[in-house]
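Numbers here simply count residues along the sequence, with the first being 1. We use all heavy atoms of the structure for the numbers below, so side chains are in, but hydrogens, waters and symmetry mates are not. Counting convention: from 1, in listed order, for ligands and their atoms alike.
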Amino acid sequence: MEIKLRFFGAAQNVTGSCYLIEANGARILVDCGLYQERDLKTRNWDPLPVPAESLHAILLTHAHLDHCGRVPKLLKEGFTGPVYATAATADIAKIIMLDSAFIQEEDIKHKRKRHEREGRTSPFPYEPLYTTEDAEKAVERLQNAPYEKEVQIADGITAAFFEAGHIFGSTSIKLKITQDDESRTLLFSGDVGRWDVPIIRDPAVIGAADYVLVESTYGDRDHKPVADIPDALADVVNRTVERGGNIVIPSFAVERTQELLFHLSNLLEEGRIPHLLSFVDSPMAVSVTEVFKRHPELFDDSTNKMIRNGQHPCDLPGLEMSRSVDQSKAIKEVQASTIIIAGSGMCTGGRIKHHLKNNITDAKNTILFVGYQAVGTLGRLILEGLAEIRIHGEKWPVNASIEKINGFSAHADRTELIRWLSGIGSAPKKVFVVHGEPKAAHSFAEKISTEKGWPVHVPEYDEEVILD
Ligand SMILES: [Zn+2]
């Protein structure tokens with residue numbers, strides 16, 4: 001038995017997921033995501049350890065940019081094979097990859113001029129990592145993979161995709177490699193979600209595997225319970241409406257927006273919040289919500305029950321989905337209290353900046369955070385209580401009420417990751433802890449070792465291991 005496994009991303013860091021498997025004369029990538037940490041972005045330009053044209057296939061666990069965002073680059077470099085993903089992942093990955101290409105093309109138009117003006121040089125070439133044309137080629141390579149059925153990838157290699165409960169369409173992937181009547185299984189967790197989260201199903205129980213790669217984003221801590229979210233949301237909405245204010249919610253386009261709609265729809269149905277005009281003001285969130293509506297087969301039991309009662313999880317009375325700039329601009333003319341959900345989730349760009357300008361100076365309004373705010377982002381600065389913020393070169397005093405609801409997370413916490421691992425049953429030959437900052441990854445490795453007694457390793461970037 002000889003299988004080579006190389007960690008070409010998300011090894012002691014969170015983004016840039018990319019694992020290379022070489023066996024039976026075939027080369028396969030599981031995920032090929034973009035690096036998003038500022039210090040690691042130069043790695044996006046690094047060539048793969050093997051020529052792109054020598055790859056047989058790419059398998060995608062899910063459609064987040066840090067898992068699929070480098071795929072178009074491989075098309076540019078000569079990859080011609082299939083990209084396997086579940087149907088919902090393929091639908092969302094298409095939106096994400098095209099958006100990523102567009103952003104890079106736009107960014108590069110201004111970058112060189114700005115750098116010349118500021119006397120700076122860039123560590124990156126003055127060209128986009130890939131173009132819209134490359135992203136379109138990547139979209140053409142997408143092939144639908146069914147859930148829980150083996151798909152033939154290469155000679156003696158099959159892959160099966162299992163629900164990961166992280167975002168819509170997300171999966172863990174189990175590779176089965178057979179050589180001379182002997183088989184080994186490699187399980188890639190992808191990003192593991194939480195149990196009892198709205199709309200999507202819980203992470204699947206997958207069963208035995210010889211080698212396991214498990215994520216560890218929150219491997220060193222536990223989250224607040226999912227069950228606390230509706231009460232907290234109703235409380236914020238009602239207090240703001242009593243003041244006659246608006247609720248402005250910066251939100252990620254994928255999953256968080258749809259989750260918010262689910263909670264608002266239920267609270268309205270239960271009579272716990274008043275009927276309000278609500279807006280989803282993000283072209284990407286509108287497109288992703290349409291993907292949700294196309295795949296009701298992926299909904300969990302509580303969502304199916306909702307649909308039987310005539311409610312839709314991504315819809316509520318008084319909701320407007322705004323795509324165009326004119327629709328977006330018209331929102332500020334509404335006289336009554338409104339709920340405005342817009343991107344980007346950390347207020348680093350997009351339409352949320354306009355809604356912040358229109359709302360943050362008035363004490364009647366609420367800015368409600370429902371997601372992680374990275375250090376240095378505008379969202380983080382607001383959350384830290386800055387008295388005045390800068391948007392589009394102008395200063396705006398922060399008078400609105402600033403609130404945060406904990407418990408929203410697309411990632412399993414430490415206890416939930418152990419629960420996911422327990423689904424494997426008997427001890428694997430080795431567990432590789434990936435997709436976590438060094439502290440979280442090592443802490444979780446320690447936890448697996450003490451709690452399960454399983455052999456565990458935290459690989460380094462570009463480390464290669466031989467599996468027998
Ligand atoms: Zn993810």
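Note on ring orientation: taking the six-membered ring where Trp is involved, the planes of Phe299 and Phe168 are tilted (angle from 30° to 60°). Ring geometry, Phe432 versus His457: the interplanar angle exceeds 60°, so the pair is classed perpendicular (tilted spans 30 to 60°).
Under the side-chain hydrogen bond (donor to acceptor under 3.5 Å, both in side chains) test applied with His166, the options Glu255, His64, His67 reduce to a single match, His64.
The 12-atom threshold is exceeded at CD of Glu464, counting heavy atoms of other residues, nucleotides or ligands nearer than 6.0 Å. Counting non-hydrogen atoms of neighbouring residues, nucleotides and ligands closer than 6.0 angstrom, the NZ atom of Lys429 exceeds 12 such neighbours.
Protein N, O or S atom count below 2.8 Å of the Zn ion (ligand 1): the structure gives 4.
Salt bridge status for Glu127 with Lys76: present, with a side-chain N to carboxylate O gap under 4.0 Å.
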